[in-house]
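If you're wondering where the values come from, they're calculated on a predicted model, not measured in any experiment. Chain letters run A, B, ... following the sequence lines, proteins first, then strands; residues in each count from 1.
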Amino acid sequence: MNLFADFDQRIKNALETLDIIKEKRSEVDFGRLTVEPPRDQSHGDVATNAAMVLAKPLGTNPRALADLISAALRDDPDVSEVSVAGPGFINIRLSTGYWQRLLAVMIAEGTDYGRSKIGAGLKANVEYVSANPTGPMHVGHCRGAVVGDALANLMGFAGYDITKEYYINDAGGQIDVLARSVFLRYREALGENIGEIPAGLYPGDYLVPVGKALADEYGPRLHNMPEEDWMPIVKDQAVAAMMVMIREDLNALNVHHDVFFSERTLHADGAKLIRAAINDLTFKGHVYKGKLPPPKGQLPEDWEDRDQTLFRSTEVGDDIDRPLIKSDGSYTYFAADVAYFKEKYDRGFDEMIYVLGADHGGYVKRLEAVARAVSDGKAKLTVLLCQLVKLYRDGEPVKMSKRSGDFVTLREVVDEVGSDSVRFMMLYRKNSEPLDFDFAKVTEQSKDNPVFYVQYAHARCMSVFRQAKDAFPDLDVDSLDFASTVGQITDSNELQLVAKLAEYPRLIESAALSQEPHRVVFYLYDLASSFHAHWNKGKEQPELRFVNDKNRELSIARLGLVRAVACVLRSGLAIAGTAAPEEMR
RNA sequence: GGUCCCAUAGCUCAGCAGGAUAGAGCGCAGGAUUCCUAAUCCUGAGGCCGAUGGUUCGAAUCCAUCUGGGAUCACCA
């Protein structure tokens, strides 16, 4: 039930009854007509630009047309007042009865209230995290993980058919490095003194148990093999071990993917899938052999001018053509990416979403080029870039250096502040905006901490129900007939709270369409704020309190309101992937 | 040099799919409150929406150029 969709229809129906419209029906288009909440609540509950948009094609002026439309709208029994303002806005005020019935619907729909079909079952693939399986996840992965996960939840709620996917970069040079690093740890486990870890290998202690496991399983056998023989064995074990670790980290952050897709799948069988993808592009005329111009600005010292197999991505929107095959004959990472996109497209996805860090901004155009070339422009590809996160501890920036291995892991952050706080704060900013994350602030138990503030609102709702049980011991709160009591909701503050809840379905749709999960979190904060404000009024005016042991029916009606608030909070918190606690301790 | 992102109150940021008098939190100023519906509350001041053009009935929002800040820029993944 979406109030604005409801009135969108009602206004269109009203328009159809007007003679001026009937006469020129074929010439007028309702496409630009909007129905939305007015900026200022004092204007009304629903506003439409209908008169301003339609005046011109109808050959009249907006104010005159607005008067005609208003007259038609006044016939609607749910409309209590219609006014024309400014250049021709039509402001509609709804009857109390309408709000009350709307509340009853919200309660009945529960946590499904706000669910939308706007995605129309479109198959969308959200790829996010995709951290290299060479070590534990570090804090830099946090934001993309949370944004991707919440976006997928949001789009799922808005009616898309969503697959959450993780691309395992388990091919290429870095995995060789990983395997060599593990092999060293294996030798160490066999009793050898390996000394300092040489530069160029991964020094982290997390590889020690992997080496030990190999020693336990194979004894000295690997040690006696040539590298080409032990390499595949060690690679498999190492990648598997890293992925176990990464999945544990993701679980700790409440991130759960549907599909883990291995890059090695693309390289299997003599790189069958990559070759197929390149052949496909070649067939479509997107591949040629040629030279790439050297990069503008400073020329790299080791620049080689040579023929390469190139993807003519400039013809599909890229700035420069991209190599598919390296000088040693192996495939570039980009070639695998082409194959991966094709694989997803062949799996039937209409839209691929990539959640990447801002440092991958330069990659966007070539991915879009891939989408155009592979799908002939039929598949949609969008990239969400997350700006960097800066960590602060008590106002001081936390220094990190990759080289020394001195980085903060995702796990450390989650263990210290909790996944709810991490997730909420990662969403409490537009993804295109850099983010400061202060350890002290996000764990603070006060209204200054938005995580706490929103969760506390939900806990308060639950607390109302506990109080209701004390006041009315015989009350079965799980089977109350709210619908017959909503007529008791007449206080203007209560009705405003209902109006706030009425914004939720529209918010879900616009957030999903614009792929901006942060909007949900901001809305939650707003809703929590309205709820807390109303609660506080109960201090000064006890008659406004939700539970009134002298008036059972009124209390039930208000419990209905509280339930509706709690459901929306729970629904939004679920999209964010954070808990809706029963109480705060 | 190319490309992408950003610029809104003193600070940190929202601003929904162009709409009316641009919002919140912190901070600041004033006031209330010791209550138990806990981890305060209410009110107020504060703005050239980076600049200039354009589209539009109407622009913080869309387009172009410029200024300032960040990211990135063959053969890595």
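- For the segment residues 448-464 of chain A, residues with any heavy atom less than 4.0 angstrom from an atom of RNA chain B are, sorted by number, A:Asp448, A:Tyr456, A:Arg460.
- In this structure, A:Phe334 and A:Asn536 both approach RNA chain B, and ranking their closest nucleotides by distance from the 5' end singles out A:Asn536.
- Per the geometry, CD belonging to A:Glu583 stands 21 Å off P belonging to B:C36, to the nearest Å.
- Rounded to the nearest Å, the gap between the P atom of B:C41 and that of B:G47 is 26 Å.
- One interatomic measurement links the two molecules: NE2 of A:His532 to P of B:U40, which rounds to 10 Å at whole-angstrom precision.
- If you take atom P in B:G15 and the same atom in B:A20, they sit 16 Å apart, rounded to whole Å.
- Annotation: A:Lys235, atom NZ; neighbour count of heavy atoms from other residues, nucleotides and ligands within 6.0 Å is above 12.
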Restricting both atoms to N or O, compile the protein contacts to nucleotides 65-71 of chain B shorter than 3.5 Å, with distance only.
{"from": "B:A71", "atom 1": "O2'", "to": "A:Ala358", "atom 2": "O", "distance (Å)": "3.1"}

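- Taking the C1' atoms as reference points, B:A7 lies 14 Å from B:U12, given to the whole Å.
- Residue-environment remark: NZ (A:Lys390) stays at or below the threshold of 12 foreign heavy atoms within 6.0 Å.
- When each of A:Trp535 and A:Ser327 is assigned the nucleotide of RNA chain B with its nearest heavy atom, A:Trp535 is the one assigned upstream, toward the 5' end.
- Taking every heavy atom of residues 170-177 of chain A and every atom of RNA chain B, pairs under 4.0 Å involve A:Ala171, A:Gly172, A:Gly173, A:Gln174, by number.
- Side chain to side chain, A:Ser530 and A:Lys500 fail the donor-acceptor criterion of an N or O pair below 3.5 Å.
- Which of B:C76, B:A20, B:U40 sits closest to the side chain of A:Ala85 comes down to B:A20.
- You'll find that the side chain of A:Arg519 is closest to B:A17, out of B:A39, B:A17, B:G25.
- Across all strands shown, B:G46 forms no Watson-Crick or G-U wobble pair with both distances under 3.5 Å.
- Taking atom C1' in both B:G53 and B:C13, the straight-line distance is 29 Å, to the nearest Å.
- Remark: ring of A:Phe89 overlaps the six-membered base ring of B:A20 in a stacked fashion, centroids less than 5.5 Å apart, planes less than 30° apart.
- Candidate nucleotides B:C4, B:C5, B:G15 were compared by shortest atom distance to the side chain of A:Ser432, and B:C5 ranks first.
- The base-pairing partner of B:A24, taking Watson-Crick or G-U wobble contacts with both distances under 3.5 Å, is B:U12.
- Both the sub-6.0 Å distance and the 45° axial angle are satisfied by A:Arg312 relative to the ring of A:Tyr288.
- Checked against a 6.0 Å centroid threshold, the rings of A:Phe439 and A:Tyr392 do not count as neighbours.
- Between A:Tyr523 and A:Tyr504, the ring center distance clears the sub-6.0 Å criterion.
- Counting atom types as modelled, A:Asn91 pairs a side-chain N or O with a base atom of B:A20 as donor and acceptor under 3.5 Å.
- The distance from atom OH of A:Tyr428 to atom P of B:A24 is 12 Å, rounded to the nearest whole Å.
- If you take CD of A:Glu540 and C1' of B:U43, they are 13 Å apart, rounded to a whole angstrom.
- Checked against the 6.0 Å centroid threshold, A:Tyr340 and A:Tyr167 count as a close aromatic pair.
- Between B:C6 and B:A77, the distance separating the two C1' atoms is 27 Å to the nearest Å.
- For the pair A:Glu36 CD and B:C16 P, the computed distance is 10 Å after rounding to whole Å.
- The side chain of A:Lys447 approaches B:U40 more closely than any other nucleotide in the set B:C76, B:U40, B:G19.
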Protein-nucleotides 10-12 of chain B N/O pairs closer than 3.5 Å?
{"from": "B:U12", "atom 1": "O2'", "to": "A:Arg429", "atom 2": "NH1", "distance (Å)": "3.2"}

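- For A:Lys539, taking side-chain heavy atoms from C-beta onward, the closest of the listed nucleotides B:A77, B:A20, B:A39 is B:A39.
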For residues 55-69 of chain A, please give each side-chain donor-acceptor pair under 3.5 Å, one per line with the distance, not counting sequence neighbours.
{"from": "A:Asn61", "atom 1": "OD1", "to": "A:Arg63", "atom 2": "N", "distance (Å)": "3.1"}
{"from": "A:Asn61", "atom 1": "OD1", "to": "A:Ala64", "atom 2": "N", "distance (Å)": "3.0"}
{"from": "A:Arg63", "atom 1": "NH1", "to": "A:Gly86", "atom 2": "O", "distance (Å)": "2.7"}

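- Separating the NZ atom of A:Lys537 from the C1' atom of B:U33 is a distance of 17 Å, rounded to the nearest angstrom.
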Can you name the atoms? Protein N/O to nucleotides 54-58 of chain B N/O, anything below 3.5 Å, with the distance.
{"from": "B:C57", "atom 1": "OP1", "to": "A:Lys56", "atom 2": "NZ", "distance (Å)": "2.4"}
{"from": "B:C57", "atom 1": "N4", "to": "A:Arg32", "atom 2": "NH2", "distance (Å)": "3.4"}
{"from": "B:G58", "atom 1": "O6", "to": "A:Arg32", "atom 2": "NH2", "distance (Å)": "3.4"}

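- With B:A14, B:U3, B:C16 as the candidates, the nucleotide lying closest to the side chain of A:His518 is B:A14.
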